[in-house]
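Numbering of ligands and ligand atoms starts at 1, following listing order. Just so you know, these numbers use all the heavy atoms, side chains as well, and skip hydrogens, waters and symmetry mates.
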Amino acid sequence: MKVRLVLLVLMAYCFTAEAQYSPGPSDSSSVWWKNTTIYQIYPRSFADSNNDGIGDLRGIINKLDYINGLGFETIWVSPFYDSPQADFGYDISNYCAIAPEYGTLATVDSLIAETHKRGMKIVFDLVLNHTSDQHPWFKESASSKTNPKADWYVWRDGRGKNGKRPPNNWYNVISQKGWTYSKARGQWYYSAFLNFQPDLNYRNPDVKAAMFNVVKHWLGSGVDGIRLDIFNCIMEDSLLRDNPKVLTYVPSAQHLKTKFQNRTNNINHPDNFALARELRDTIDKFTNPTRFMVGEAVGSVNDNMPLVGKYGDGLNLVFLFDMIFYDFKPKFFRDKINLYEQLCPEPLMPTIVFGNHDNRRSINRIKNNLQKARLLTMFQLTARGVPVIYYGEEIGMRDVWMPKKDAKDPISGMMKAVPQFMRKKLPVPLNRDVCRTPMQWDTTTNAGFSKSMPWLPIDSEAGIRNVQTQLADSLSLLNTYRDLVHLRDSVTTLKCGNIIINNVGKKRKVLSYLRQYKDSEYYVFMNFSKQKVELPNEVRVLFSTIYTLNKGDNFTNDIITLTPYGGIVLKYLGPKGQSDDLDYKGQ
Ligand code: NOJ
């Protein structure tokens, strides 16, 4: 009886929610990149075609049918350009050449062509903020104070006697000293990340022109979008003034304060937006199809959205990293939806990111529980925002721990100097190898990644968490992704409709929202608890992670029960029930 009462309240709320939203015009349905789904590939770890233990571009080409079969439209490939690989490609020594272990320019051309042949899009990862210290530009720049490239990087005299103290107090993104002394030049250079990644000086028009040419070069080769590495660090204060002092010591992914300073002069500088605008003008000249940029930026949504601009005329998208640090509670997701709606309303579009190559695997936060992961997948693919999925997330790949002495990540070595209490607070984990282990394809040797010893170890649970095994199981996490990506793809409302929270009675257990576009409405209910929750009826099931409910089931009088950690996408039957939803290719 009590349950029925709750049900009535739930229904009442659902239908009053309808009266609260204002449909408003939405122009997003015609902009492809606002409606896309992005699958991130870390090339070193995805698929090894020549069996040298390292993934490569041919390996990616061989797996395009897999990604296409899952329904993802866009692939983003982490850097594969010429590089000493000190930071596995995020230290580039030639932006227009390819690292031999990954392939050749011809392989890149065929990767682009093969992606397009499948009706998919491809995003390249460009590190505009810095080069490798092995880049010929830097070598020249570091050789003297008077060479033609002397002003291509951020150089300054040091302070104090003989200039032996850094030019200012800046700490970089990972809370390390931002300046490195160069004996040859007798000056200091600044780096926002690691000291072998010197920052380019964008106040020099020649630098800007050279890097914009790189962007044009790749867009001219047919690339559909670019991911911009730490774009919020691209400009620094022109006078290189000290950062203001604050009382906070411990850093956080949510603010820029660290070690008693607020890094306002070297991170999230207001001049970043003007550069974003200029880049936007450049990329908007490439049409058929239009191209897009997605920026990586550390900090809060408040800090990052200015890169897109109030009118969406800067970067097209920025990664919003809040979900990476999720709490498995409806309130967390409700709050984020509200925040994103406030800060990224039409025509802006948020992104929904649960992981990437710099963070612990997302499933770690729910103790590797695959059923809970299916619920998160439902959120990621039915909420408003471009979903960005990190390879292996779709099969529930876990963090793989390895002895410290075997760590390949350059950050790992440096962290010895970081006190224990600060380590967890840094925006990147101690050893990023844990989330970069080889993709688990099947149950053969090395999980089908390579016939040779892979560059990083394979997870001991690869026997269950692999593509082959999960494809054969209709209730697997992989099939949940596949089904939901296809559902999203076939329902305009799920891609670009409004999102309105249902503030139903079971707030602590259930996350529920309405997606609405023109005359079409969809409800999503997710049970975050281990108890059953009952739902209103007169609905058609479009997707469910509950094994007793099937796609296409219509309910008119019965009660639907959400099993523990069960989730469901529903369409209400009735006058607004025109159907564009049952033809999707999922199971
Ligand atoms: C952010 C990238 O995601 C990370 O992997 C890299 O180490 C730094 N930027 C430096 O490029």
Side-chain angles (χ1 to χ4, degrees), residues 38 40-46 55 76-93 95 99 123-135 138 153-154 171-176 178 180 189-200 202 211 214 226-234 236 251 253 263 266-268 272 293-299 303-304 307 315 317-321 324 351 353-362 388-391 407-415 426-437 455-456:
I38 302 179
Q40 183 195 351
I41 296 172
Y42 195 68
R44 207 171 184 82
S45 302
F46 197 59
W76 146 32
V77 189
S78 285
F80 44 76
Y81 318 97
D82 239 2
S83 157
Q85 305 292 336
D87 190 17
F88 299 111
Y90 284 95
D91 49 327
I92 300 173
S93 50
Y95 287 78
V123 167
F124 276 19
D125 200 327
L126 283 182
V127 186
L128 301 191
N129 178 71
H130 52 264
T131 67
S132 156
D133 62 359
Q134 298 307 304
H135 195 295
F138 185 74
Y153 293 82
V154 183
Y171 285 110
N172 64 15
V173 170
I174 48 174
S175 293
Q176 303 296 304
T180 306
Y189 66 86
Y190 171 68
S191 46
F193 209 71
L194 296 165
N195 66 359
F196 55 79
Q197 294 162 317
D199 272 41
L200 284 159
Y202 278 84
M211 295 311 278
V214 169
I226 48 177
R227 179 257 185 197
L228 297 167
D229 193 66
I230 47 172
F231 192 79
N232 65 331
C233 298
I234 202 144
E236 302 85 22
R263 291 169 286 180
N266 58 330
I267 305 185
N268 286 344
N272 292 340
M293 298 178 287
V294 53
E296 185 205 30
V298 288
D303 290 332
N304 298 340
L307 290 174
L315 300 185
L317 299 169
V318 279
F319 292 130
L320 303 178
F321 290 143
I324 289 180
T351 53
V353 181
F354 277 96
N356 60 29
H357 61 288
D358 291 329
N359 288 282
R360 296 192 60 183
R361 288 268 176 192
S362 121
V388 187
I389 283 113
Y390 180 50
Y391 85 93
K408 309 269 192 300
D409 182 2
I411 290 191
S412 184
M414 289 173 32
M415 289 298 167
L426 291 171
V428 284
L430 215 51
N431 179 5
R432 296 172 295 172
D433 294 353
V434 298
C435 67
R436 296 174 175 179
T437 58
W455 77 288
L456 286 176

Protein heavy-atom partner closest to atom 5 (O) of ligand 1 - residue, atom, separation in Å: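 Here the closest protein heavy atom is Asp358 OD1, 2.7 Å.
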With heavy atoms of [X] as the reference, note each atom of ligand 1 found under 4.0 Å away.
X      : value
Arg436 : 5 (O)
Glu296 : 1 (C), 2 (C), 3 (O), 9 (N)
His357 : 2 (C), 3 (O), 4 (C), 5 (O)
His130 : 10 (C), 11 (O)
Arg432 : 4 (C), 5 (O), 6 (C), 7 (O)

Residue part near ligand 1, for Phe193, under 4.0 Å between non-hydrogen atoms: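 The answer is the side chain.
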Side-chain donor-acceptor contact under 3.5 Å, Ser83 with Asp91: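 Yes.
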Distance-only side-chain donor-acceptor flag, Tyr190 / Thr180, under 3.5 Å: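 On atom types as modelled, these side chains do not qualify, holding no pair under 3.5 Å.
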For Ile92, all residues meeting side chain to side chain contact (heavy atoms under 4.5 Å, CB included), sequence neighbours excluded: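 Per chain and number, Ile92 pairs via side chain to side chain contact (heavy atoms under 4.5 Å, CB included) with Tyr81, Tyr95, Val127.
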Results of side chain to side chain contact (heavy atoms under 4.5 Å, CB included) for Asp133 - residues two or more places apart only: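 Listed in chain order: Phe138, Phe196, Pro198.
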Option nearest atom 7 (O) of ligand 1 (shortest heavy-atom distance, choices Asp91, Val127, Asp87):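 Ranked by closest heavy atom to atom 7 (O) of ligand 1, first place is Asp87.
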The one among Asp409, Asp229, Asn129 that brings a heavy atom closest to atom 11 (O) of ligand 1: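 Checking each option, the heavy atom nearest atom 11 (O) of ligand 1 is found in Asp229.
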Between OH on residue Tyr390 and CD1 on residue Ile38, distance to nearest 0.5 Å: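 Reported to 0.5 Å precision, the distance equals 15.5 Å.
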Euclidean distance, Tyr90 OH relative to Asp125 CG, rounded to 0.5 Å: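 Nearest 0.5 Å value for the CG-OH distance: 3.5 Å.
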Criterion side chain to side chain donor-acceptor pair (under 3.5 Å) against Asn129, the qualifying member of Asp199, Asp229, Asn232: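 That would be Asp199.
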